[in-house]
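Chain letters run A, B, ... following the sequence lines, proteins first, then strands; residues in each count from 1.
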Amino acid sequence: MKTHSICVLVVVACAITIGCRHDMQDQPKYKPLGQNRFWADGRDSRPIPAGTIAVDELNADDPTHTGQANGAFLDTIPLPVNMSLLERGRDRFDIFCSPCHGWLGDGNGMVARRGLRAPANLMDQRSRELPPGYVYQVISNGYGAMGDYADQIQDVRDRWAIVAYIKALQLSRGAPLSDVPDDQRAELTGSSTMGGRQ
Amino acid sequence: MPQYFSRSANTFARMTILALVSGLGLVCWAGFLIVRSPYEMMQNVPREQPVPFSHEHHVGGLGIDCRYCHTSVEKSAFANIPATKVCMNCHSQMWATSPMLEPVRESYRTGRSIEWTRVHDLPEFVYFNHAIHVHHGIGCSTCHGRVDKMPLTWQAQPLTMEWCLNCHWHPEQYVRPLDQVFSMTYTPPPNQLQLGAKLVKQYHIQSLTSCSTCHR
């Protein structure tokens with residue numbers, strides 16, 4: 001009986017010590033951004049063949065996707081503009097735009113202050129006059145030294161939300177106090193709490 | 001017939017068996033501790049990378065949001081390492097001739113991936129979903145630590161099953177308001193347990209601890 005239990009213990013101990021193989025830990029399966037010696041480029045992720053279009057996503061003539069209609073930039077935002085769109089816009093603006101354009105859109109972001117060639121001041125007269133469709137198109141395709149953000153902001157509704165927020169920023173930054181509803185004026189004159197995280 | 005063994009040999013034999021059994025137990029226990037030790041988990045060890053990318057500079061210094069680079073964290077199980085193009089958004093102009101960033105520029109020119117060393121490498125029999133965690137009030141820094149203070153990235157938590165379960169058993173100890181999920185400086189308030197209990201209810205957090213939640 002004693003021999004029996006000692007045998008069991010030895011087997012268990014061996015199983016624990018030789019069980020340190022990593023076959024299950026590192027399985028030979030395709031993983032996001034994984035390495036793969038089978039393919040010449042060494043990647044698990046296979047490139048999507050050029051010209052691939054997802055079902056129902058051609059969108060070549062859809063103004064919401066191009067920012068244009070009949071060859072001209074949209075001068076409206078093709079989504080219902082409400083508080084939730086603006087909140088989403090602020091959220092996305094703070095993530096993707098503020099590093100260069102600044103929390104207030106004045107072109108004074110942290111990266112710009114560290115030496116990036118001066119990004120556009122989104123609050124100047126020229127920027128104020130740009131149609132929303134043009135701003136959308138810059139986000140999607142880039143402009144000058146600014147790379148495109150099509151991959152980082154894949155959902156076109158998010159791009160429009162940013163456009164809407166920029167337009168709201170422009171309005172608010174140039175608005176006279178008399179435009180502010182009576183019951184909210186005290187908030188502004190009392191203290192200068194700006195939106196956005198600092 | 002003479003007695004070969006003294007009377008005390010009986011005790012000695014019993015002690016030997018006891019020592020053998022408890023010795024084996026001790027070995028198993030030590031092995032168990034070792035495989036879960038910070039050393040074996042490579043916890044707190046900054047990893048060498050092809051480019052010495054500093055979260056301390058980019059997050060702590062410049063204040064860039066986690067999601068500027070890790071764009072898929074809100075939508076996908078996997079929080080992506082950014083494409084080289086994302087680096088080049090700024091580094092086409094800044095430090096554009098720095099030898100340190102040559103692997104980045106080379107990757108951009110040739111289209112070949114930069115081969116980063118993975119820091120948080122869960123075993124592949126574990127399913128983990130980033131999106132569900134960030135949408136239910138689990139902050140980045142809860143699992144990844146103060147990334148904004150890491151010159152080279154290291155693994156701040158043990159990533160053992162016990163560690164996962166600890167939160168799945170007691171989510172109210174860790175959950176935070178949704179608008180604080182991506183904040184690096186958030187510290188739990190003194191009334192965390194009350195706030196946590198409230199948020200657990202509000203975010204409909206289920207305490208999922210069945211095997212197939214993570215081993216699917």
Are [X] and [Y] side-chain neighbours, meaning at least one heavy-atom pair lies under 4.5 Å?
{"X": "B:Cys143", "Y": "B:Trp163", "answer": "yes"}
{"X": "A:Arg92", "Y": "B:Arg67", "answer": "yes"}
{"X": "B:Ile138", "Y": "B:Val181", "answer": "no"}

Quick check, are the ring centers of B:His58 and B:Tyr68 under 6.0 angstrom apart?
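Judged by ring-centre distance (under 6.0 Å), B:His58 and B:Tyr68 do not meet the cut-off.
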
[X] portion near chain B, given a 4.5 angstrom heavy-atom threshold:
{"X": "A:Arg117", "value": "both"}
{"X": "A:Asp26", "value": "both"}
{"X": "A:Arg113", "value": "neither"}

List for me each residue that meets side chain to side chain donor-acceptor pair (under 3.5 Å) alongside A:Arg37, sequence neighbours excluded, and say none if there are none.
none

Among residues at least two apart in sequence or on other chains, which ones pass side chain to side chain donor-acceptor pair (under 3.5 Å) with A:Asp44?
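With neighbours one apart ignored, the set is A:Asn36.
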
Can you check whether anything in residues 122-156 of chain A gets within less than 4.5 Å of chain B, heavy-atom wise, and list it by number?
A:Ala145, A:Gly147, A:Asp148, A:Tyr149, A:Gln152, A:Gln154

Check each atom of [X] against the heavy atoms of chain A and say whether the ones under 4.5 Å are side chain, backbone, both or neither.
{"X": "B:Ile81", "result": "both"}
{"X": "B:Phe125", "result": "both"}
{"X": "B:Glu40", "result": "neither"}

What is the minimum heavy-atom distance between A:Lys29 and B:Glu124, and which atoms define it?
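Scanning both residues, the minimum pair turns out to be NZ-O, 3.1 Å.
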
Of the listed residues (B:Asn80, B:Ile17, B:Val86), which shares the most heavy-atom pairs with chain A below a 4.5 Å separation?
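Going by pairs under 4.5 Å, I would pick B:Val86.
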
Worked check of side-chain contact (heavy atoms from CB on, under 4.5 Å) between B:Val175 and B:His136:
CA-CA 8 Å; B:Val175 65; B:His136 286 76; over 6 Å; no

Going by salt bridge (Lys or Arg N to Asp or Glu O under 4.0 Å), name the pairs with one or both residues in residues 84-110 of chain B, residues two or more places apart or in two chains.
B:Glu102-B:Arg105, B:Glu102-B:Arg109, B:Glu106-B:Arg112

